[in-house]
Protein chains: 2
Amino acid sequence: MGATMQDVALAAGVSIKTVSNVINDYPYVRPATRERVLAAIDQLAYRPNLSARGLRSGKTGIIGLAVPELRENYFAELADAVIRAAEKSGLGVVVEQTNGDRESELRVLSRARTHYMDGILLSPVGMGQADASLLDVPFPLVLLGERIFGGPVDHVTMHNVSSAGAAVEHLLSIGRRRIALVGAEGDDVSDASSWSLRVRGYRRALEQAGIPVDEHLVRRTEHWSRAGGAAALHELIDEGHDFDAVFALNDALALGVLRGLQEAGRRVPDDVAVVGFDNVDEGQFAVPSLTTVDPGREEIARTAVALLVERINEKGTKAPARTMKAEFSIVSRESTGGADAPRVAQ
Amino acid sequence: MGATMQDVALAAGVSIKTVSNVINDYPYVRPATRERVLAAIDQLAYRPNLSARGLRSGKTGIIGLAVPELRENYFAELADAVIRAAEKSGLGVVVEQTNGDRESELRVLSRARTHYMDGILLSPVGMGQADASLLDVPFPLVLLGERIFGGPVDHVTMHNVSSAGAAVEHLLSIGRRRIALVGAEGDDVSDASSWSLRVRGYRRALEQAGIPVDEHLVRRTEHWSRAGGAAALHELIDEGHDFDAVFALNDALALGVLRGLQEAGRRVPDDVAVVGFDNVDEGQFAVPSLTTVDPGREEIARTAVALLVERINEKGTKAPARTMKAEFSIVSRESTGGADAPRVAQ
DNA sequence: ACGTTGTACTACAACGTTGTAGAACCGCCC
DNA sequence: GGGCGGTTCTACAACGTTGTAGTACAACGT
């Protein structure tokens, strides 16, 4: 089938190792020899066998990306960014889905699979702070998200507290004072969850503006979904609370809130302004288009891949675990009266 | 680092090959011996090295999935389905993005990557019928979609013509008679594109109902996007055409049409009914929820993986190329007055 | 007693690559 | 002209697994 180094060596009239040296940019090869080898490679359409290389050098050029579900926009876009970043480093990405299930997440960490991946990027949702010690695995691992802090591994996350604060400040800046919050959290409330961190930013921003937090306006739902957002909004209205803005802790919730507002006959942003979190593509196309926190997904992906690559190439001495945070920004669109109309071109 | 077969063999007091035999379910191993080996495997947490296995047996247990873009919902959901199907066969999936670019698609077919993948699922968008001969590659390949027919490889597609016909019949059944069509196609119009096939179904259904096709109502846009759908709809209205339904050739266009209708002050489905194509998750959550053609994505994914696995395990004799089509169905929701309200639970 | 068949296991080579060690040659300096 | 450092190349072994070929023994029929 495919040509091997042996074939190339024969065709170029050199030893097999010289072919290897050319491929790996070993400096002590005469230009003339290099040319001959490259010509032979070209002519035979030779491609290195990654299994053999992996066996010999212990590296396969493949990393794993474990996310809850690809059909959730946020993770599809994260995967997109990771794949692009990895490609630049010449790495392939095997995508695994955990369904946000703790068991599946742990399985990723002890997988047979492991042996053919140089390292893993894990975005845990089911695991919690208590599982931190389980992250001490014998292969390169980088964590994404905010479920677990201070673990024994590198970790890329976002400025949850300050970006949530900035979102609230944005609402304050357009004159809103009664700002409801809609977020989600499962049963195991933790200090380090998206919910807790972003709520902290919300409270801090209100405090700094001298506005007391009305606990009736703080709504926790079960799921990070549109349905959850719509339901929470209907509750707020049914209970007769007064509010002129909603900060939803992710875009799915925010889109649900938009729908709920429409069903309830409230105008956006005139009656109620809405801010989401994640900057999912979809928000650009919503009616009205959605103001949101861009948590720096591109940067998160690039950083995570860079950290993983570093760990993979690390010799002996293990550097201590690092935590990186991406820069965030507020994307102002129609749902807060912002300039950005829905995108016209895709 | 990891234990090897050698270690297991030593621990169990057998030869290394016996360990291999146990792992590969070779029948002639005494139960007692098998037990001992399994115990040793368990105790040493042994995991086979896939690189070595790949080198020796020529198989890696990894397949490639090449799609245009993961951030397009349709492909994210397709990838989700493919990954789940592959997992059941014990295969990992490396996801590559082609950006719908012909060059990138061709690169996938001649990739260095190739060597560590047992086979590839390719969903071409940039390549066309003229490139059919380039699909004759020396590794297992299964095609997804409808860009290329009659190529030298297995092909999984959908009932484009009849399902589009069924969508139109659905609109006819609720009393609509002036049914606009919105679809997209790039510059290279082909007989086998989604556009051509689905338009054929549209025409056929109208003909069979004895309704002449009003060519003014057939709209072709550049991109399969929300923006394209909204723009096409505004054109229809601005030009003063009369219509009581829109069949959009994918859900993104349909969602854009919904938005356009709302902007234009037309009620859905009262004034205009809308049907999409793809059954993307998002359609369930739209306001109103979107009636659509479910092209059988799950089945497509399962079938494609099954075909690829067959090809991978094929010895010598190459079976002729096969084409499979998945079962479709019409999902009736609010945009045609259907029963299905937006989903409440995610 | 003999070969035959089936069972249970093992030794060895091979997959294609890269790290190690070293050979061969060059020019240079004292 | 002998030693030295730099350059260019090669032979060989090894990575961990599995296919091939083979050994050894038991059970069987004749």
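Each chain gets a letter, A, B and so on, in the order the sequences are listed, and its residues count up from 1.
Of the residues in residues 27-37 of chain B, those lying under 4.0 Å from DNA chain C by heavy-atom distance are B:Tyr28, B:Val29, B:Arg30, B:Thr33.
Pairs passing the salt bridge (Lys or Arg N to Asp or Glu O under 4.0 Å) check and including a residue from residues 128-145 of chain A, sequence neighbours excluded, read A:Arg102-A:Asp131.
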Nucleotide-level pairing of DNA chain D, given in dot-bracket where Watson-Crick and G-U pairs need both distances under 3.5 Å and | marks other strands: ||||||||||||||||||||||||||||||
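Taking side-chain N and O atoms only, A:Thr18 has a distance below 4.0 Å to OP1 or OP2 of D:dT10.
Atom OG of A:Ser57 is separated from atom CG of A:Asn24 by 9.0 Å, given to the nearest 0.5 angstrom. Between A:Thr60 atom OG1 and A:Leu55 atom CG the span is 11.5 Å, to the nearest 0.5 Å. How far CE of A:Met324 is from OG1 of A:Thr157: 12.0 Å, rounded to the nearest 0.5 Å.
Counting all heavy atoms, side chain and backbone alike, B:Ala321 lies closest to B:Gly151 at CB-O, 4.1 Å.
Annotation: side-chain contact (heavy atoms from CB on, under 4.5 Å) contacts of B:Glu298 (sequence neighbours excluded): A:Arg71, B:Ala81, B:Arg302.
Between B:Glu310 and B:Arg322 there is a salt bridge, since at least one side-chain N of the basic residue sits less than 4.0 Å from a carboxylate O of the acidic one. The residues B:Glu69 and A:Arg84 are annotated as salt-bridged, a charged nitrogen and a carboxylate oxygen being separated by less than 4.0 angstrom.
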I'd like to compare against my own output: the B/S/- annotation of nucleotides 13-19 of chain C with a strict under-4.0 Å heavy-atom distance to protein. BBBBBBB
List the atom pairs, donor and acceptor, that lie under 3.5 Å between side-chain atoms in residues 30-37 of chain A and the rest of the protein, sequence neighbours left out.
residue, atom, partner, partner atom, Å
A:Arg34, NH2, A:Tyr26, O, 3.1
A:Arg36, NH1, A:Ala12, O, 2.6

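When only modelled atom types and interatomic distance are considered, B:Ser104 and B:Asn99 share no side-chain donor-acceptor pair under 3.5 Å.
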